[in-house]
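Working notes, structure below.
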Amino acid sequence: MEKTQLRRQLANIRQSLFDQGFLDEQFVQLEELQDDANPNFVEEIVTLYYRDSSRLIVSIEQALQKSPLDFNKLDALMHQFKGSSSSIGAKKVKAECTQLREYCRAGSGDGCLRTFQQLKKEYTTLRKKLEAYFQLARQAGPIDSACRPK
């Protein structure tokens with residue numbers, strides 16, 4: 001596939017990530033920090049996010065298995081996870097974190113468990129989509145500049 005076609009396909013995938021609500025403006029801001037000196041900046045940041053957040057997910061799973069639930073500890077873990085997710089523009093993941101924190105404050109163990117399952121689903125879906133996006137981006141080569149989603 002020629003570079004022009006790859007770049008068009010890449011732009012379409014990127015736009016769909018915004019249109020489907022997976023990413024927000026923060027992702028664009030990360031892209032704006034990428035330059036010739038660090039052409040893989042966004043991919044590196046996202047890779048760090050997934051490495052660090054996978055450890056957080058294990059901690060959250062362990063906290064959810066405790067009886068009784070320590071809602072304060074769970075809320076603190078979710079606060080950290082939400083902050084990390086916000087930093088890369090993971091919109092749906094961030095929304096699930098917000099919802100789970102609300103269940104923590106309400107003392108709803110069932111709500112926490114249900115929401116955490118949805119959070120993991122959104123997290124995994126975004127990971128797969130971003131991995132495909134970055135793989136195609138490597139094939140397409142560097143683009144001129146970041147642009148705002150439509």
Between Y50 (side chain only) and R127 (backbone N and O only), is there a donor and an acceptor less than 3.5 Å apart? yes
With F81, which residues qualify under ring pair (Phe, Tyr, Trp, His ring centres under 6.0 Å), at least two apart? Y123
In this structure, would L48 and L126 fall into the same cluster of hydrophobic residues linked by side-chain contacts under 4.5 Å? no
Exercise: identify the closest heavy-atom pair between A37 and P39: C-CD, 3.6 Å
Grab the two heavy atoms, one from S16 and one from I13, that are nearest each other, plus how far apart they are. OG-O, 2.7 Å
Is there side-chain contact between R8 and Q5, with at least one heavy-atom pair below 4.5 Å? yes
Separation of Q117 CD from L100 CG (nearest 0.5 Å): 10.5 Å
Sequence neighbours excluded, every pair satisfying salt bridge (charged side-chain N to carboxylate O under 4.0 Å, His left out) that has a member inside residues 106-115: none
Would you check if L10 and R14 make a side-chain contact, meaning some heavy-atom pair closer than 4.5 Å? no
Would a hydrophobic clustering, with Ile, Leu, Val, Met, Phe, Trp and Tyr connected at side-chain separations under 4.5 Å, put Y49 with L33? yes
side-chain contact (heavy atoms from CB on, under 4.5 Å) filter on E122, not counting sequence neighbours, yields F22, K92, V93, E96, Q118
So, taking the atom named CG in L77 and the one named CD1 in I60, what distance separates them when rounded to the nearest 0.5 Å? 5.5 Å
Step by step, work out the side-chain contact (heavy atoms from CB on, under 4.5 Å) result for E61 and L64. CA-CA 5 Å; E61 286 174 333; L64 284 168; 5.7 Å; no
Once rounded to the nearest 0.5 Å, what's the spacing between atom CG of L69 and atom SG of C104? 8.0 Å
Go through the steps for Q9 and N12 under the test side-chain contact (heavy atoms from CB on, under 4.5 Å), then give the verdict. CA-CA 5 Å; Q9 185 180 0; N12 290 338; 5.5 Å; no
Heavy-atom check, side chain of T47 versus side chain of F134, under 4.5 Å: no
Holding to salt bridge (charged side-chain N to carboxylate O under 4.0 Å, His left out), I want the full list of residues that pass it with E102, two or more places apart in sequence or in another chain. none
SG of C112 to CZ of R101, rounded to nearest 0.5 Å, is 11.5 Å
d(L17 CG, Q15 CD) to nearest 0.5 Å is 9.0 Å
Assess, by modelled atom type and distance only, whether the side chains of E44 and N40 contain a donor and an acceptor separated by less than 3.5 Å. no
Which residues pass the side chain to side chain donor-acceptor pair (under 3.5 Å) test with D52, sequence neighbours left out? R55
For S87 and S84 the tightest heavy-atom approach is OG-O, 2.6 Å
How many angstroms lie between atom NZ of K120 and atom CD1 of I57, to the nearest 0.5 angstrom? 7.5 Å
Ring-plane angle category for Y133 and F27, please: parallel below 30°, perpendicular beyond 60°, tilted otherwise. perpendicular
To check you understand the geometry: which heavy-atom pair defines the closest contact between K82 and C97, and what is its length? CB-CB, 3.6 Å
Over all atoms of both residues, closest heavy-atom pair of S86 and K94: OG-CD, 2.7 Å
Go through the structure and list residues passing salt bridge (charged side-chain N to carboxylate O under 4.0 Å, His left out) with R138, not counting sequence neighbours. E43
